[in-house]
Amino acid sequence: MVRFDTGCACCRDDFYDYEEWLMDAVTIVGHPLVRHKLSLMRDKTCSTKSFRQMLNEIGTLLCYEITRDLPMEEITIETPLMQMQAPVLAGKKLVFAPILRAGTGFLDGMLAMVPSARVAHIGLYRDPETLEAVEYYFKAPQDVSERLVILMDPMLATGNSAVAAVNLLKDKGVKEIRFVCLLAAPEGVEKLRVAHPDIRIWTAAIDSHLNDHGYIVPGLGDAGDRMYGTK
Ligand code: URA
């Protein structure tokens, strides 16, 4: 892990400050339903169908948490009994931005919660040699720069895809981005946090580490393959 260079091995305070700073941006959604479903998904005997279904369901549950502090405004409505001021979401519709292909696993679950959200697709693949993210597709609403974007990928592993996706969105002028994943590696959290300190991260769990192939350990394997049965 990268650390602040304190120039002194005994400067433990800076070490702890750095860890705290990293985790400051992270919300671990430890709801029992999320933890239960994640454990079932990790199991290698979990079927493709169940894996995909639970990823969707967790998408719904995570969406509930990510949107917890959205701004509201009051409008005037008429109930069958009387007029009242009622709270509704303020501002432009959200944009859900799955990183292809595994990010789409969250999409329907999130759209179930916020059906009017717009969708941006971000196509990135991981070069197997360098593990760097390579862009192959980007399609977003024209006014994406004026909207809050929820960027999603089940696995925050090396962090390369997440950083590349945020770079792309920021290049389009997007000012407010939140990142959501199912599982994160400490390395990925650090990479994203250092590259984009303004981005908050929501995850169901942070695992131990990455292996030499860039897989999260203990993890759940390749999320895309497990969703679509391609391996
Ligand atoms: N992508 C995956 O699907 N799984 C990992 O463990 C890491 C990256």
Side-chain angles (χ1 to χ4, degrees), residues 1-2 22 25-26 28-29 34-35 37-59 61-62 96-110 120-138 150-169 177-196 199 201-231:
M1 280 237 223
V2 181
L22 281 182
V26 182
I28 298 176
V29 180
V34 172
R35 292 169 65 194
K37 289 174 195 292
L38 173 57
S39 298
L40 299 181
M41 292 174 74
R42 286 183 190 271
D43 189 327
K44 65 179 183 185
T45 65
C46 178
S47 71
T48 300
K49 176 171 172 275
S50 301
F51 188 93
R52 204 170 45 238
Q53 183 179 330
M54 285 189 281
L55 189 55
N56 244 296
E57 290 167 355
I58 293 182
L61 296 166
L62 293 178
F96 291 143
I99 300 178
L100 304 179
R101 73 184 156 147
T104 57
F106 276 150
L107 187 59
D108 286 347
M110 300 234 179
H121 288 96
I122 302 178
L124 295 171
Y125 71 87
R126 200 155 69 138
D127 183 303
E129 299 290 311
T130 64
L131 303 185
E132 290 297 324
V134 183
E135 179 191 345
Y136 66 90
Y137 188 76
F138 184 88
I150 311 288
L151 180 62
M152 57 189 80
D153 191 342
M155 310 300 271
L156 179 58
T158 61
N160 291 339
S161 302
V163 169
V166 173
N167 287 341
L168 273 170
L169 290 167
I177 303 168
R178 299 178 181 192
F179 183 83
V180 58
C181 59
L182 177 63
L183 272 186
E187 294 89 333
V189 170
E190 181 170 40
K191 182 90 175 230
L192 182 55
R193 186 88 172 102
V194 169
H196 295 290
I199 307 293
I201 300 166
W202 279 257
T203 183
I206 300 183
D207 272 9
S208 163
H209 63 280
L210 290 182
N211 70 13
D212 292 345
H213 304 286
Y215 279 89
I216 298 176
V217 180
L220 48 72
D222 187 300
D225 282 339
R226 295 203 60 195
M227 273 171 62
Y228 293 120
T230 40
K231 215 169 213 171

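Every number for a ligand or one of its atoms is a count from 1 in the order of the listing. Here the structure is a predicted model, which means the values were calculated and not measured.
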Of all the atoms in ligand 1, which lie at a distance below 4.0 Å from a heavy atom belonging to [X]?
X	result
Ala223	2 (C), 3 (O)
Ala157	7 (C), 8 (C)
Asp222	2 (C), 3 (O), 4 (N)
Gly221	2 (C), 3 (O), 4 (N), 5 (C), 6 (O)

- Message: If you compare all heavy atoms of Pro98 against all heavy atoms of Leu107, which two are closest, and at what distance to 0.1 Å?
- Response: CG-CD2, 4.2 Å
- Query: Between Thr48 (side chain) and Met227 (backbone), is there a donor-acceptor pair under 3.5 Å?
  - Reply: no
Between [Y] and [X], is there a side-chain heavy-atom distance shorter than 4.5 Å?
X	Y	value
Ile122	Leu168	yes
Ile177	His196	no
Ile216	Leu210	yes

- How far is atom 5 (C) of ligand 1 from its nearest protein heavy atom, and which residue and atom is that? Tyr215 CD2, 3.4 Å
- Item | contact_flag Gly214 ligand 1 heavy-atom lt 4.0 Å | yes
- Within the structure, does Ile216 bring an N/O atom to less than 3.5 angstrom of an N/O atom in ligand 1? yes
- What do you reckon, does Met155 have a nitrogen or oxygen under 3.5 Å from a nitrogen or oxygen of ligand 1? no
- Query: If you count the non-hydrogen atoms of other residues, nucleotides and ligands that lie under 6.0 Å from OH in Tyr125, is the total more than 12?
  - Reply: no
